[in-house]
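This report concerns only the one structure given below.
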Amino acid sequence: MKASRKFFALAALAVAGAASLHTSVAMADTVVQCNNISRPAGYLTVETDIPNPTCVTYKANKYQTPQNGLTIVYPAELPTLDAQFGVTSVTGTMYSPRYVIGQIVDKGVYCAYKMSSYNYVAVSNGYLGVCAGGSGVPNSVKMHKLLKAEVKGSSGSPAKLTINLNPAVSGTFNYAVRTTATLNGASTKVVKTGLTGNKGYTLSELAPTLVTKAQQGATFSFETEVFGGPNSMAMETVTATGAQLIGK
């Protein structure tokens with residue numbers, strides 16, 4: 001076979017091999033594909049440079065969906081996920097470190113690598129031996145959930161939307177509440193902004209024009225969004241019935 005024909009034959013084989021690699025595992029939690037193909041969305045790199053003669057580069061990478069205890073290669077990939085995970089420890093060697101991850105939870109401790117932290121605020125947690133870095137240098141953070149919203153009320157009294165901002169987090173925050181009433185398939189929204197502090201709000205305080213809809217049997221959702229200056233820091237949505245909100 002001439003050199004040019006041999007090259008094109010190998011190229012065709014590589015393309016076919018890459019396609020078959022990706023297709024065969026696309027629906028699973030693990031994907032192995034040629035390393036010249038972009039990492040699939042929602043997956044993390046767990047192994048690189050796997051020998052594979054069907055790839056143009058002769059190498060493939062392995063990717064997995066995130067889960068507690070998974071060991072990954074690149075912590076910089078964590079902020080690209082929809083799910084929120086952080087590094088809980090660093091293993092391997094100085095020249096080939098690996099990173100064990102865990103889902104972000106309130107009061108969870110993580111190594112100080114960049115992670116998606118919406119709804120949480122990181123507070124320095126000092127030095128941890130399981131995280132990389134020089135001894136004594138702060139290299140970990142504790143994550144605190146910023147917002148807790150819930151509808152609370154006793155029988156016979158109008159329930160309130162109760163907002164609690166975590167006292168462990170320092171800073172100046174304000175929040176907006178978007179109240180939506182749905183009745184007979186139609187929705188009406190009222191927004192109240194500039195709210196501060198830990199408080200409970202009745203429907204008449206948040207959206208007085210929607211009280212009539214509560215009396216008519218509407219269902220309600222309250223979307224609370226917390227801001228630190230111009231930045232959105234947290235958001236949480238809770239629901240209630242009209243009967244709850246007017247104390248029936």
(request) For the pair Asn119 (side chain) and Met235 (backbone), establish whether a donor and an acceptor sit closer than 3.5 Å, ignoring hydrogens and angles. (result) yes
(message) Between Thr88 (side chain only) and Val100 (backbone N and O only), is there a donor and an acceptor less than 3.5 Å apart?
(response) yes
(request) For Ala159 and Leu245, work out which heavy atoms get closest and say how close. (result) O-CD2, 3.9 Å
(request) Output the distance between atom NZ (Lys59) and atom OG1 (Thr48), rounded to the nearest 0.5 Å. (result) 8.5 Å
(message) Donor-acceptor pair, distance only, cut-off 3.5 Å: does the side chain of Asn166 make one with the backbone of Ala168?
(response) yes
(request) Consider only side-chain heavy atoms of I, L, V, M, F, W and Y, link residues closer than 4.5 Å, and tell whether Ile101 and Val73 are in one cluster. (result) no
(request) Report yes or no: does Thr65 contribute a side-chain atom to a donor-acceptor pair with the main-chain N or O of Tyr43 at less than 3.5 Å? (result) no
(message) Tell me every residue that passes ring pair (Phe, Tyr, Trp, His ring centres under 6.0 Å) with Tyr113, counting only those two or more places apart in sequence or in another chain.
(response) Tyr99
(message) Could you measure the distance from the CD1 atom of Ile50 to the CD atom of Gln33? Nearest 0.5 Å is fine.
(response) 10.5 Å
(request) Give the minimum heavy-atom separation between Ala240 and Gln244, together with the two atoms involved. (result) CA-OE1, 3.4 Å
(request) Check Leu203 against Leu210 and note the closest heavy-atom contact, atom names and distance. (result) CD2-O, 4.0 Å
(request) Could you grab the distance from atom CD of Gln216 to atom CD1 of Ile246, nearest 0.5 Å is fine? (result) 10.0 Å
(message) Could you check whether any side-chain N or O of Asp29 sits under 3.5 Å from a backbone N or O of Gln64, counting only pairs where one atom can act as donor and the other as acceptor?
(response) no
(message) Between Ile72 and Thr45, does the side chain to side chain contact (heavy atoms under 4.5 Å, CB included) criterion hold? Intermediate values first, please.
(response) CA-CA 6 Å; Ile72 66 172; Thr45 307; over 6 Å; no
(request) For Tyr175 and Gly197, indicate whether the former's side chain and the latter's backbone hold a donor-acceptor pair under 3.5 Å. (result) yes
(message) Do Leu146 and Val109 land in one hydrophobic cluster if side-chain heavy atoms of ILVMFWY residues count as linked below 4.5 Å?
(response) no
(request) Taking the side chain as every heavy atom from C-beta outward, state whether Thr179 and Phe220 have any atom pair closer than 4.5 Å. (result) yes
(request) State whether Glu77 and Arg39 are salt-bridged, where the test is any N-O pair (Lys NZ or Arg NE/NH1/NH2 against Asp/Glu carboxylate O) under 4.0 Å. (result) yes
(request) Consider only side-chain heavy atoms of I, L, V, M, F, W and Y, link residues closer than 4.5 Å, and tell whether Leu128 and Val90 are in one cluster. (result) no
(message) Could you report the tightest heavy-atom contact between Met115 and Gly86, atom names first, then the distance?
(response) SD-CA, 3.7 Å
(message) Once rounded to the nearest 0.5 Å, what's the spacing between atom OG1 of Thr193 and atom CZ of Arg178?
(response) 9.5 Å
(request) Please check if any side-chain donor atom of Glu225 sits under 3.5 Å from a side-chain acceptor atom of Ser232, or the reverse. (result) yes
(request) Heavy atoms only: give me the nearest Pro66-Phe85 pair and the separation to one decimal. (result) CB-CE1, 3.6 Å
(request) Flag the pair Ile163 / Leu195 as yes when at least one side-chain heavy-atom distance between them is below 4.5 Å, and no otherwise. (result) no
(request) Would you please say whether a donor-acceptor pair under 3.5 Å links the side chains of Thr180 and Glu223? (result) no
(request) Go through the side-chain N and O atoms of Asn35 and Thr57 and say whether any donor and acceptor fall under 3.5 Å apart. (result) yes
(message) Can you list everything that forms a side chain to side chain donor-acceptor pair (under 3.5 Å) with Ser187? Sequence neighbours excluded, please.
(response) Thr182
(request) Please report the C-alpha distance between Glu236 and Lys145 in whole Å, then the side-chain angles of each, then the deciding distance to 0.1 Å, and finally whether the side chain to side chain contact (heavy atoms under 4.5 Å, CB included) criterion is met. (result) CA-CA 11 Å; Glu236 196 166 308; Lys145 193 171 189 295; 2.7 Å; yes
(request) Calculate, to the nearest 0.5 Å, the distance between atoms SG and CD1 belonging to Cys55 and Ile37 respectively. (result) 7.0 Å
(request) Quick one: pull up NZ in Lys199 and CG in Asn164 and give me the separation to the nearest 0.5 Å. (result) 12.5 Å
(request) Kindly say whether Gln103 contributes a backbone atom to a donor-acceptor pair with the side chain of Asn68 at under 3.5 angstrom? (result) yes
(request) Evaluate the side-chain proximity of Gln84 to Met143: yes if any heavy-atom separation is below 4.5 Å, no if none is. (result) no
(message) Side-chain heavy atoms nearer than 4.5 Å, only ILVMFWY residues, links allowed to pass through others: does that put Leu81 and Tyr63 together?
(response) no
(message) Show every ring-ring contact (aromatic ring centres under 6.0 Å, His included) that has at least one partner inside residues 118-171, sequence neighbours left out.
(response) none
(request) Search all heavy atoms of Leu78 against all heavy atoms of Lys114 and return the closest pair with its distance. (result) CB-O, 4.3 Å
(request) Please check if the side chain of Ser154 supplies one atom and the backbone of Ser157 the other of a donor-acceptor pair under 3.5 Å. (result) no
(message) Please check: side-chain N/O of Asp49 versus main-chain N/O of Asn61, any donor-acceptor pairing under 3.5 Å?
(response) no
(message) Let me check something: do Ile104 and Leu147 share a hydrophobic cluster, defined by ILVMFWY side-chain heavy atoms less than 4.5 Å apart, either directly or through other members?
(response) no
(request) Would you confirm whether Asn52, through its side chain, and Ala60, through its main-chain N or O, come within 3.5 Å as a donor-acceptor pair? (result) no
(message) Do the side chains of Lys160 and Glu150 get close enough for a salt bridge, i.e. N-O under 4.0 angstrom?
(response) no
(message) Measuring only between side-chain heavy atoms, which start at C-beta, is Ser140 closer than 4.5 Å to Cys111?
(response) no
(request) For side chain to side chain contact (heavy atoms under 4.5 Å, CB included), just list the numbers for Val46 and Thr71, CA-CA rounded to whole Å, side-chain angles, deciding distance to a tenth of an Å, and then say yes or no. (result) CA-CA 6 Å; Val46 297; Thr71 299; over 6 Å; no
